[in-house]
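Written below as structure tokens is the structure these notes are about.
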Amino acid sequence: MREHLSALARAGAEAVGVRTVAELESVDALVLPGGESTTMCRLLRVYALEQPLRERLAAGMPTLSTCAGLIVLSREVVDGRPDQLALGALDVVTRRNAFGRQVDSFEADLHIEPLGVAPFRGVFIRAPQIETTGDEARVIATLNGAAVAVEQGPHIGLCFHPEMTDDLRVHQHFLRVVDEATERSVA
Amino acid sequence: MTTEKTASNGHQHATGGDRVKRGLAEMLKGGVIMDVVNAEQAKIAEDAGAVAVMALERVPADIRRDGGVARMSDVSLIKDIIAAVTIPVMAKARIGHFVEAQVLQALGVDYVDESEVLTPADEEHHIDKWQFTVPFVCGARDLGEALRRIGEGAAMIRTKGEAGTGNVVEAVRHMRAVQGGIRRLQALRRDELMAEAKRLDAPYELVQEIHETGTLPVVNFSAGGIATPADAALMMQLGAEGNFVGSGIFKSDDPLGYAKAIVAATTYFDKPEVVAEVSAGLGHAMRGLDVAGMPKEELLATRGW
């Protein structure tokens with residue numbers, strides 16, 4: 001969470017940590033970070049954030065989700081625990097820990113379509129895989145032929161961790177998406 | 001150790017680099033890692049919201065009581081634990097026992113804890129952790145010890161505390177020592193850094209780095225003696241980035257209840273009303289030991305240097 005906050009601040013946004021309903025209500029857009037999706041789901045449930053989050057998503061709040069965050073926003077999760085949340089903001093089916101265990105965690109250069117030609121260093125840590133992409137979601141980066149980043153309206157979902165590099169282009173792109181969404185809702 | 005692999009389409013895959021090793025610990029921040037001795041306990045930990053489990057032969061309180069040589073956990077138990085949960089599995093190797101670490105890496109363990117809780121295999125040398133693809137976490141009592149371990153390749157640090165006592169006093173001492181050491185380094189002039197490196201017995205390059213950044217280059221958790229939700233929140237307020245809890249959970253009256261409460265207190269460490277709410281009706285915490293009255297040879301934190 002801290003690295004996302006710092007990246008967003010450097011990209012020119014005002015960023016706060018969200019752990020309570022009041023904090024969730026106070027933000028225009030949300031980053032769902034990496035971590036363990038099982039832990040995240042439990043906290044969303046126990047601290048009554050699930051319903052307010054569903055409502056904000058339904059109302060079109062923009063999101064940037066990375067790794068575990070992407071899993072939580074998927075339409076369906078393969079190999080998840082029975083109590084795994086899949087909030088469905090992204091029309092994708094994801095598989096947890098699909099690249100293997102920690103010893104298989106890796107870095108690789110990616111071409112992310114909205115960011116232009118310069119490669120982006122993708123840091124994959126016990127990363128999930130996007131198994132299927134539905135009609136609603138648009139693939140914006142692939143690795144070995146498989147989708148590793150998608151965009152759907154105001155939502156960006158990534159299998160890797162842009163906050164772990166000094167390259168701010170993903171966060172800057174997200175802030176543009178947020179600006180566009182805000183302008184639309186004002187108009 | 002970074003290994004470059006080239007996929008059929010020319011994509012370069014780099015495994016085992018600093019960023020992916022330290023990165024997993026980054027993902028665990030704000031969470032609780034729980035000691036477990038079998039698959040059943042590992043499932044309870046996962047259900048309670050642990051971000052990872054730590055596999056070991058016996059929890060520290062039992063090692064303390066039973067004595068004998070404490071080693072890496074039984075291989076089939078580690079396999080069972082890996083099969084039972086989807087969260088990362090860590091496991092302990094003895095200080096300096098690089099073959100136990102090789103075995104743990106071969107088993108697919110996600111993090112190795114080179115731990116003073118087990119009987120040291122080498123009283124002089126720690127493991128050369130740069131040689132491994134699997135990341136390591138190591139214990140430290142002060143900034144110098146943390147920097148020596150990072151110098152050897154540790155990708156995560158935790159306080160040593162005094163494991164198996166249910167007494168948080170040593171964890172507090174060690175966390176304050178690390179944080180205080182960092183603040184002191186920041187206040188120094190550049191030309192005072194070499195003398196400080198000598199005083200800390202720490203690598204000069206790391207001393208310079210901390211002077212500039214004001215933070216460790218790896219994640220720093222707390223461990224050793226955390227027994228209650230309030231203990232967990234205390235360590236977070238003192239600057240821990242997450243908690244390891246050992247005997248505190250499975251030596252309490254209600255392991256699932258304690259585990260959930262300690263997870264909540266770690267997340268909401270700055271919200272006393274949440275810590276109060278989760279602390280209600282938990283029954284007895286593990287029985288604590290007075291560290292000050294313990295004979296020197298029973299202290300685990302003094303193992304390693």
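Throughout, a chain's letter reflects where its sequence line sits, starting with A, and its residues are numbered from 1. The structure displayed is predicted, hence computed values, not measured ones.
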Margin query: Around atom NZ of B:Lys79, are there more than 12 heavy atoms from other residues, nucleotides or ligands closer than 6.0 Å?
Written below: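 Atom NZ in B:Lys79 is not crowded, with 12 or fewer foreign heavy atoms closer than 6.0 Å.
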
Proximal component of [X], with respect to chain A [non-hydrogen, under 4.5 Å]:
| X | answer |
| --- | --- |
| B:Val85 | neither |
| B:Ala52 | neither |
| B:Val274 | side chain |

Checklist line | Heavy-atom pair count under 4.5 Å with chain B, highest-scoring of A:Met40, A:Gln102, A:Arg2 | finding: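 Top option by heavy-atom pairs under 4.5 Å: A:Gln102.
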
Next item on the list: Answer yes if the ring centres of B:Tyr111 and B:Phe136 are under 6.0 angstrom apart, and no otherwise.
Entry: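 So the answer is no for these two rings.
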
Checklist line | Validation row, ring centre B:Tyr268 to ring centre A:Tyr47 under 6.0 Å | finding: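 Yes, close enough.
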
In terms of heavy-atom proximity below 4.5 Å to chain B, should [X] be classed as side chain, backbone, both, or neither?
| X | result |
| --- | --- |
| A:Val123 | side chain |
| A:Arg96 | side chain |
| A:Arg101 | both |

Checklist line | Choice from B:Lys271, B:Lys260, B:Arg22 maximising heavy atom contacts with chain A below 4.5 Å | finding: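 Of B:Lys271, B:Lys260, B:Arg22, B:Lys260 has the most heavy-atom pairs under 4.5 Å with chain A.
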
Next item on the list: Between chain A and each of B:Thr133, B:Leu24, B:Val134, count heavy-atom pairs under 4.5 Å; write down the option with the most.
Entry: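 Looking at each option in turn, the highest pair count goes to B:Leu24.
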
Check: How about B:Glu46 and A:Thr38: does a side-chain donor come under 3.5 Å of a side-chain acceptor?
Finding: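 On atom types as modelled, these side chains do not qualify, holding no pair under 3.5 Å.
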
Checklist line | Donor-acceptor side-chain pairing of A:Thr165 and A:Asp167 below 3.5 angstrom | finding: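 Absent: no donor and acceptor within the cut-off.
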
Note to self: So that I can tick it off, tell me whether B:Lys43 and B:Glu40 are bridged by a salt bridge, with the cut-off set at under 4.0 angstrom between side-chain N and carboxylate O.
What the structure shows: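 Salt bridge: no.
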
Checklist line | Matching residue for B:Lys29 among A:Glu36, A:Glu3, A:Glu163 - test: salt bridge (Lys or Arg N to Asp or Glu O under 4.0 Å) | finding: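 That would be A:Glu3.
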
